[in-house]
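Report on one structure; see the data block that follows.
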Amino acid sequence: MTTVEEQVSEYYNKLLKRNAGEPEFHQAVAEVLDSLKIVLGKDEHYADYGLIQRLCEPERQIIFRVPWVDDKGNVHVNRGFRVQFNSALGPYKGGLRFHPSVNLGIVKFLGFEQIFKNSLTGLPIGGGKGGSDFDPKGKSDAEVMRFCQSFMSELQRHIGDQTDVPAGDIGVGGREIGYLFGQYRRSSNRHESGVLTGKGLTWGGSLVRTEATGYGCVYLTDEMMKEHGDSLDGAKVIVSGSGNVAIYAIEKAQQLGATVVGFSDSSGWVSTPGGVDVELLRDVKEVRRERVTAYVAESEGATYHSDGSIWDLEADVALPCATQNELDGNHAETLVANGVKYVAEGANMPSTPEAVEVFRAKGVHFAPGKAANAGGVATSALEMQQNASRDSWTFEYTDERLKEIMTTIFRNSADTAAEYDREHDYVTGANIAGFKKVADAMLAQGVI
Ligand code: NDP
């Protein structure tokens, strides 16, 4: 008779062998399997019909060549990926990432996380993710356009409003979605709005989509703080990154009365003891596409640091909003020593397992990315609903829906944690709540 512990170890060891050289994917699966041991201990039927093995194996993985020509006439060859992980709850849904670090393992980790995140939103969307090792940084608009056209020439065969609906992620914002949509429309001869989300407002985009991940992360943080008798009003907050998620997390946190005391990019970090000038930050990052040093040059009281870490700042709340594994065990110890009591992940898997363990041991309330950053994909699903009904909702209505969804995600994670005797363990709560919905659908739909 094998124990649940042995059974789960066996799944995991096989997965390590079959997916060698993909550490981020291993890390994401390990965290979910750890929570699933608790479910399997109570409900053995979740191990039936190869459910766990099927859940950890993408339904389809597409890898393709992306050749493109730069402004000087040189040919470059990048690699494109789309991992269609699980469509039990709806069409595959998840962003595209353009960053030199992108490889199959990273896309698989993101796609795997996306299954549970999308399930938690309560909306009918499956999980997928894609991208390329192309680096948009330093490229002209024309080069980015030619790359996007080449990328979509292949991707268009595999996506559709009932099949797979990509969106943005690191390095893919409104500009890239525009070029990708243009090429899809040309190749398919269809103005099929529902094939991509994050579109411009005049051609099928939804109000609030740009702000949604950052705002949603702050709405969930506020709920978590209320649960423990606190509030963002008057709190000091660290936000790492200065991209789409970070900018709107900063904006909403400050609207709710917090002071954001620092932000960063991959070149360094900025201390802002008096708060962040969001208009200036948006101009520097979204319009001029410059580095954070440009913000410091034009802002009073902000200082730039290329050494140490943004996690050295003193604060009550930390919102890591840049990239995976940006916050390690030592950073977590420093944050705790400096007074941080709440952490919510705007990015996907920004905290290492060691950091999560420190937060758990030291009583820091911690919301994992699959709950805290689900506002982006939830609003993408709202964009799909508007596209399907050829309707467009107001900012206020969409923002209200986003707020409701984030509150429901928090409650669902908190209540599930309590149901499994893990009160306030939002990692376990989010993993189990996300898992059960997908698992029930997979069991009902048979072995496929
Ligand atoms: P952006 O490309 O807009 O911004 C990314 C930010 O993170 C930039 O400030 C970037 O700095 C920084 N960054 C990226 N890689 C690194 C690195 N290796 N080290 C340090 N800093 C880095 O991306 P988003 O804001 O869209 O995404 C941020 C995170 O949020 C990602 O983990 C993404 O998966 C996640 N997410 C995004 C959603 C969305 O709707 N956009 C939805 C859910 C999750 P630099 O400019 O110097 O590269």
Side-chain angles (χ1 to χ4, degrees), residues 98-100 135-144 168-178 198 200-201 208-215 217-218 221 232-323 326-327 331 335 338 346-347 350 376 395:
F98 293 169
H99 192 271
D135 186 359
K137 229 176 268 158
K139 305 288 188 303
S140 69
D141 283 352
E143 288 173 331
V144 170
D169 190 79
I170 291 179
V172 179
R175 172 183 63 171
E176 290 75 17
I177 292 291
L201 296 178
V208 192
R209 177 59 190 92
T210 306
E211 295 85 353
T213 309
Y215 277 21
C217 177
V218 171
T221 304
L232 271 168
D233 196 6
K236 283 191 199 168
V237 181
I238 306 169
V239 178
S240 65
S242 50
N244 174 261
V245 179
I247 289 173
Y248 294 97
I250 293 171
E251 179 170 87
K252 185 51 71 180
Q254 296 198 153
Q255 282 174 3
L256 296 184
T259 303
V260 174
V261 294
F263 62 85
S264 62
D265 68 11
S266 56
S267 63
W269 57 281
V270 176
S271 161
T272 54
V276 176
D277 176 345
V278 177
E279 278 318 300
L280 175 60
L281 183 61
R282 286 187 56 193
D283 185 50
V284 167
K285 296 308 262 187
E286 292 181 346
V287 182
R288 288 146 53 186
R289 297 180 190 277
E290 290 180 346
R291 316 301 298 155
V292 290
T293 40
Y295 175 94
V296 175
E298 294 170 42
S299 163
E300 270 186 27
T303 48
Y304 174 74
H305 306 262
S306 56
D307 54 354
S309 147
I310 191 170
W311 310 121
D312 295 339
L313 286 167
E314 280 184 20
D316 308 294
V317 179
L319 306 178
C321 294
T323 194
E326 57 167 312
L327 196 172
H331 297 139
L335 285 173
N338 285 341
F395 191 96

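Excluded from the calculations below are hydrogen atoms, water molecules and symmetry mates; all remaining heavy atoms, backbone and side chain alike, are included.
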Query raised in the report: Taking C-beta and beyond as the side chain, do I310 and I238 meet within less than 4.5 Å on heavy atoms?
Result: yes
**Report entry** Any donor-acceptor pair under 3.5 Å from N338 side chain to D312 backbone
**Finding:** yes
Query - Main-chain N/O of T303 paired with S271 side-chain donor or acceptor, under 3.5 Å - result: no
Report task. Quick one: do V261 and V237 satisfy side-chain contact (heavy atoms from CB on, under 4.5 Å)? Show the steps, please. Result -> CA-CA 6 Å; V261 294; V237 181; over 6 Å; no
Query raised in the report: Does the side chain of R175 come within less than 4.5 Å of R289's, by heavy atoms?
Result: yes
Report summary line: Rounded to the nearest 0.5 Å, the CG atom of L327 sits from the CG atom of L335 at a distance of 5.5 Å
Requested in this report: Let me see the working for L280 and V284 under side-chain contact (heavy atoms from CB on, under 4.5 Å), right down to the final yes or no.
Outcome: CA-CA 6 Å; L280 175 60; V284 167; 4.1 Å; yes
Report task. For residues T213 and G346, report the shortest heavy-atom separation together with the two atoms involved. Result -> CG2-O, 4.2 Å
Query raised in the report: Are E298 and R288 close enough, and set up right, to give a salt bridge (charged side-chain N to carboxylate O under 4.0 Å, His left out), and what steps lead you there?
Result: CA-CA 13 Å; E298 294 170 42; R288 288 146 53 186; 2.6 Å; yes
Requested in this report: Locate the shortest heavy-atom distance separating D233 from G257; write the atom from each residue and the value.
Outcome: OD1-CA, 3.5 Å
Query raised in the report: Taking side chain as C-beta onward, heavy atoms only, is L319 less than 4.5 Å from C217?
Result: yes
Report task. Return yes if some donor-acceptor pair links the side-chain N/O of D265 with the main-chain N/O of V292 below 3.5 Å, else return no. Result -> yes
Report task. Would you check if the side chain of D169 reaches a backbone N or O of F98 as a donor-acceptor pair within less than 3.5 Å? Result -> no
Query raised in the report: Taking it one step at a time, do H99 and D135 satisfy side-chain contact (heavy atoms from CB on, under 4.5 Å)?
Result: CA-CA 5 Å; H99 192 271; D135 186 359; 5.6 Å; no
Report task. For residues A253 and V260, report the shortest heavy-atom separation together with the two atoms involved. Result -> CB-CG2, 4.1 Å
Query - Under 3.5 Å donor-acceptor, S309 side chain and W311 backbone - result: yes
Query raised in the report: Short question: side chain of W269, backbone of D307 - any donor-acceptor pair under 3.5 Å?
Result: yes
Requested in this report: In plain terms, say whether E290 and R282 are close enough for a salt bridge, that is, a side-chain N and a carboxylate O under 4.0 Å apart.
Outcome: no
Report task. Would you name the heavy atoms of A302 and V270 that are closest together and state the gap between them? Result -> CB-CG1, 3.9 Å
Query raised in the report: Do the ring planes of F263 and Y295 sit parallel (below 30°), tilted (30 to 60°) or perpendicular (above 60°)?
Result: perpendicular
Query raised in the report: If you look at every heavy atom in P136 and G171, which pair is closest and at what distance?
Result: CG-O, 3.6 Å
Requested in this report: For T272 and G262, work out which heavy atoms get closest and say how close.
Outcome: OG1-N, 3.2 Å
Requested in this report: Keeping the roles fixed (side chain from E326, backbone from T323), state whether a donor-acceptor pair exists under 3.5 Å.
Outcome: yes
Query raised in the report: Is it true that atom NZ of K252 has more than 12 heavy atoms of other residues, nucleotides or ligands lying nearer than 6.0 Å?
Result: yes
Query - Any side-chain donor near an acceptor of the partner, T259 and Q254, under 3.5 Å - result: no
Query raised in the report: Is a side-chain N or O of E251 found less than 3.5 angstrom from the main chain of I247, in a donor-acceptor match?
Result: no
Query raised in the report: Hey, does S266 have a side-chain heavy atom less than 4.5 Å from the side chain of R291?
Result: yes
Query raised in the report: Considering the options S240, C321, P320, which one meets the side chain to side chain contact (heavy atoms under 4.5 Å, CB included) requirement together with V245?
Result: C321
Query raised in the report: So do the side chains of T221 and V317 get within less than 4.5 Å of each other, counting heavy atoms only?
Result: yes
